[in-house]
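Read through the structure below, which is laid out as structure tokens, and then see the notes.
Residue numbers start at 1 and run along the sequence shown. These values consider heavy atoms only, across backbone and side chains, with no hydrogens, waters or symmetry-generated copies. These numbers were taken from a predicted model, which means no experiment stands behind them.
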Amino acid sequence: MLSNNTSALGIIFPNTYDSIIPELTNVRLMASIPFASRYRMIDFMLSSMASSDVNNISLLVNKNYLSLMDHLGSGREWDLVRKNGGLHLFPPNVERTSTVYTGRVSAIAGILDFLRGQKEKYVVMADSNIAVNFDFKALIQAHIESGADVTAVYNEQEIPEGYLRMRNEQGFYYCYGVDDGRVKRIHVNSKEPGIQNLSMNIFAVERELLIKLINDAFVCGLRYWERDVLLNQLDTLDIQAYKYDGYVARITGVKDYFDENMKLLDDANLDALFSGNSIYTKIRDDNPTRYVAGAKAVNTMAADGCVIEGEVENSVLFRGVKVGKGAKVKNCILMQDTVIEAGANVENLITDKEVRVTEGKEVKGTDIYPVYIAKRHTV
């Protein structure tokens with residue numbers, strides 16, 4: 001348990017980067033996108049915070065958040081049903097001064113009165129387009145020991161193709177120039193090739209300082225935390241860099257979504273993501289996956305409730321998926337309650353929830369351009 005002097009509250013932004021994957025966010029927000037056969041993207045940050053004794057967590061939603069409310073419920077699965085703290089979901093216009101936000105500054109400005117009334121000394125902030133098993137307790141400790149004003153988390157990787165294709169009106173990504181552990185430069189939407197210090201949009205900061213920075217920025221009409229606040233105060237704020245070496249699955253588009261799910265069919269990647277803290281999700285009481293006589297499954301991740309009569313290879317199956325007799329499924333991501341009827345042949349396919357591919361149909365994409373079928377559609 002964190003002591004009173006090191007206690008932290010969490011803020012998660014569930015809508016960030018919605019616009020770069022419109023196929024999946026048409027009926028949900030980024031935080032609600034299904035991932036790894038039984039989870040939603042929000043589960044990773046929420047579980048990481050809860051497992052690090054961050055038990056006062058606010059989600060600043062913008063729009064399209066019905067599916068998130070349904071998934072989170074009261075927060076019981078994450079042990080966030082509490083008399084003090086717990087899980088808070090802040091919709092737009094929650095206070096008289098708040099509106100639909102376009103950046104973290106305006107989002108946090110809408111809950112400044114709430115922040116002023118909290119007792120925790122520190123705040124940790126994160127987006128929800130990254131699946132990671134993150135130790136926030138270690139981040140807070142590093143922040144305290146360094147004496148930094150702000151600690152910013154990054155990992156070393158090439159800039160994803162989805163980010164490189166992103167237009168400014170869809171959002172921003174950031175790369176850091178780090179010198180002796182301090183962030184000296186922040187590059188906005190860099191196109192530089194090779195390995196970069198790519199921001200994970202995870203930060204630690206003292207609550208009182210955050211309130212001051214956000215209040216000052218909001219009064220000046222600024223909107224973005226990194227571009228408008230941190231970048232403009234690199235010389236006056238001590239911004240320390242925190243390098244993360246663990247497994248990171250970053251969703252920046254449909255192709256990334258497909259690839260990051262497929263990577264988890266490798267046991268080494270699966271263990272890297274799920275070792276350490278437990279990742280919790282909404283419970284759905286269902287039967288174990290059933291493999292009917294004659295079924296064949298190779299290198300497949302299948303959640304509970306699936307019924308497999310045909311052949312499945314190199315695929316991720318979410319809860320309640322049914323693969324009929326004689327059907328062939330290869331290199332596919334089939335979301336909850338998808339039905340592949342008898343004799344159908346599907347390959348390089350992403351189905352949203354409750355999709356049905358009818359008997360004998362053939363649907364094939366490529367590994368570069370997987371086919372996506374929207375929620376509740378029938379082919």
Look at the side-chain heavy atoms of Ile, Leu, Val, Met, Phe, Trp and Tyr, link any pair under 4.5 Å apart, and say whether F134 and I279 land in one connected group. no

Would you kindly check if the NZ (Lys) or CZ (Arg) of R104 is within the cone defined by 45 degrees around the ring axis of Y224 and under 6.0 Å from the six-membered ring centre? no

May I ask you to decide if R40's main-chain N or O and D43's side chain share a donor-acceptor pair within less than 3.5 Å? yes

So, D304 and R38, do they make that salt bridge, N to O below 4.0 Å? yes

Can you tell me if E341 uses its side chain to pair, donor with acceptor, with the backbone of E359 under 3.5 Å? yes

Only one of I33, L68, D18, L66 passes side chain to side chain contact (heavy atoms under 4.5 Å, CB included) with R28, and that residue is I33

Check whether any side-chain N or O of S19 sits under 3.5 Å from a backbone N or O of Q170 as a donor-acceptor pair, and report yes or no. yes

I42-M30 co-clustered via ILVMFWY side chain contacts under 4.5 Å: no

Could you give me the CA-CA distance, side-chain angles and deciding distance for L46 and I57, then say whether side chain to side chain contact (heavy atoms under 4.5 Å, CB included) is met? CA-CA 8 Å; L46 201 58; I57 303 175; 3.9 Å; yes

Side-chain donor-acceptor pair under 3.5 Å between Q240 and D238, yes or no? yes

To the nearest 0.5 Å, what is the distance between CG on L89 and CE on M69? 6.5 Å

Is the closest side-chain donor-acceptor distance between N331 and E313 under 3.5 Å? no

Taking atom CG of D228 and atom CZ of R223, what is their separation to the nearest 0.5 Å? 7.5 Å

Do N348 and D367 get their side chains close enough for a donor-acceptor pair, meaning under 3.5 Å? no

If you count heavy atoms of other groups shown closer than 6.0 angstrom to NZ of K328, is the number above 12? no

For R207 and L115, work out which heavy atoms get closest and say how close. NH1-O, 2.9 Å

Consider only side-chain heavy atoms of I, L, V, M, F, W and Y, link residues closer than 4.5 Å, and tell whether I130 and M41 are in one cluster. no

With rounding to the nearest 0.5 angstrom, report the CZ to CZ distance, R376 to R356. 13.5 Å

Start with the C-alpha gap between Y247 and D271, add the side-chain angles, then the distance that decides, and say whether side chain to side chain contact (heavy atoms under 4.5 Å, CB included) holds. CA-CA 9 Å; Y247 190 87; D271 291 343; over 6 Å; no

Is the closest basic N to carboxylate O distance between E354 and K375 below 4.0 Å? no

So for atom CZ, which belongs to R116, do other residues, nucleotides or ligands contribute more than 12 heavy atoms lying within a distance under 6.0 Å? yes

Could you tell me whether a side-chain N or O of W78 sits under 3.5 Å from a main-chain N or O of Y280, the two making a donor and an acceptor? yes

Under 3.5 Å donor-acceptor, N197 side chain and G177 backbone: no

Quick one: does N261's side chain have a donor or acceptor within less than 3.5 Å of a partner on Y257's backbone? yes

Can you confirm whether Y154 is buried at OH, in the sense that more than 12 heavy atoms of other residues, nucleotides or ligands lie under 6.0 Å from that atom? yes

Which heavy-atom pair separates G75 from L87 by the least distance, and what is that distance? CA-CD2, 4.0 Å

Looking only at heavy atoms, the pair that brings A126 and I202 closest together is CB-CG1, 4.0 Å

With side chains defined as the heavy atoms from C-beta onward, is the minimum distance between M125 and I11 less than 4.5 Å? yes

Check step by step if side chain to side chain contact (heavy atoms under 4.5 Å, CB included) holds for F258 and I368. CA-CA 10 Å; F258 183 82; I368 299 175; over 6 Å; no

So do E206 and D149 actually touch side chain to side chain, heavy atoms under 4.5 Å? no

Side chain to side chain contact (heavy atoms under 4.5 Å, CB included) between I333 and M262, intermediate numbers included: CA-CA 8 Å; I333 300 170; M262 288 300 173; 4.1 Å; yes

Determine whether the side chains of T351 and T338 contain a donor N or O and an acceptor N or O closer than 3.5 Å. yes

Check E260 with R250, please: is the shortest side-chain N to carboxylate O separation under 4.0 Å? no

Taking atom types as modelled, find out whether Y17 and D127 have a side-chain donor-acceptor pair closer than 3.5 angstrom. no

ILVMFWY network linking V229 to V188, side-chain heavy atoms under 4.5 angstrom: yes

Closest non-hydrogen atoms of P370 and K255, given as atom of the first, atom of the second and distance, are CD-CD, 4.2 Å

Side-chain donor/acceptor of S190 to backbone N/O of C175, under 3.5 Å: no

Pair D352, H377: side-chain N/O donor-acceptor within cut-off below 3.5 Å: no

With a cut-off of 6.0 Å (strictly less than), are more than 12 heavy atoms of other residues, nucleotides or ligands near CZ of R284? yes

Salt bridge between D286 and R319, side-chain N to carboxylate O under 4.0 Å? no

Would you say the side-chain atoms of H88 and S58 include a donor-acceptor pair closer than 3.5 Å? no

Just jot down the ring pair (Phe, Tyr, Trp, His ring centres under 6.0 Å) partners of Y39, sequence neighbours excluded, or say none. F44, F274

Quick check on the 6.0 Å ring-centre criterion: do H187 and Y174 meet it? no

Test your reading of the model: is there a side-chain donor-acceptor pair from N133 to the backbone of L273, 3.5 Å cut-off? yes

Side-chain contact, heavy-atom cut-off 4.5 Å: L59 with L72? yes

Hey, are K212 and D216 close enough for a salt bridge, meaning a charged N less than 4.0 Å from a carboxylate O? yes

Quick one: does any side-chain atom of N15 pair with a main-chain N or O of K63 as donor and acceptor, under 3.5 Å? yes

Is there a chain of hydrophobic side chains (I, L, V, M, F, W, Y, each step under 4.5 Å between heavy atoms) that links I111 to L213? yes

Electrostatic pair D179:R185 at N-O distance under 4.0 angstrom: no

I'd like to know if the side chain of T300 reaches the main chain of V298, judged simply by a donor and an acceptor atom lying under 3.5 Å from each other, with no hydrogens or angles considered. yes

Contact summary for A272 and S275, nearest pair of heavy atoms: O-OG, 3.6 Å

Are E77 and T281 linked by a side-chain donor-acceptor pair shorter than 3.5 Å? no

Using a distance-only test with no angle check, is there a side-chain donor-acceptor pair under 3.5 angstrom linking S199 and Y176? yes

Minimum side-chain heavy-atom gap S106-F218 below 4.5 Å: yes

Which residues, ordered by chain and number, are linked to L317 in its hydrophobic cluster, where ILVMFWY side chains connect at heavy-atom gaps below 4.5 Å, directly or through other members? Y291, I308, V312, V321, V323, V329, L334, I340, V346, L349, V355, V357, V363, V371, I373, V379

Using the ring pair (Phe, Tyr, Trp, His ring centres under 6.0 Å) criterion, which residues pair with Y173? Sequence neighbours excluded. Y163

Taking C-beta and beyond as the side chain, do W225 and N201 meet within less than 4.5 Å on heavy atoms? no

Answer yes or no: is there a side-chain heavy-atom contact under 4.5 Å between Y65 and P91? yes

Report yes if some heavy atom in the side chain of I144 is under 4.5 Å from a heavy atom in the side chain of I140; otherwise report no. yes

I239 to L234 - nearest heavy-atom pair and separation: CD1-CD2, 3.8 Å

Is the distance between the ring centroids of Y242 and Y244 under 6.0 Å? no

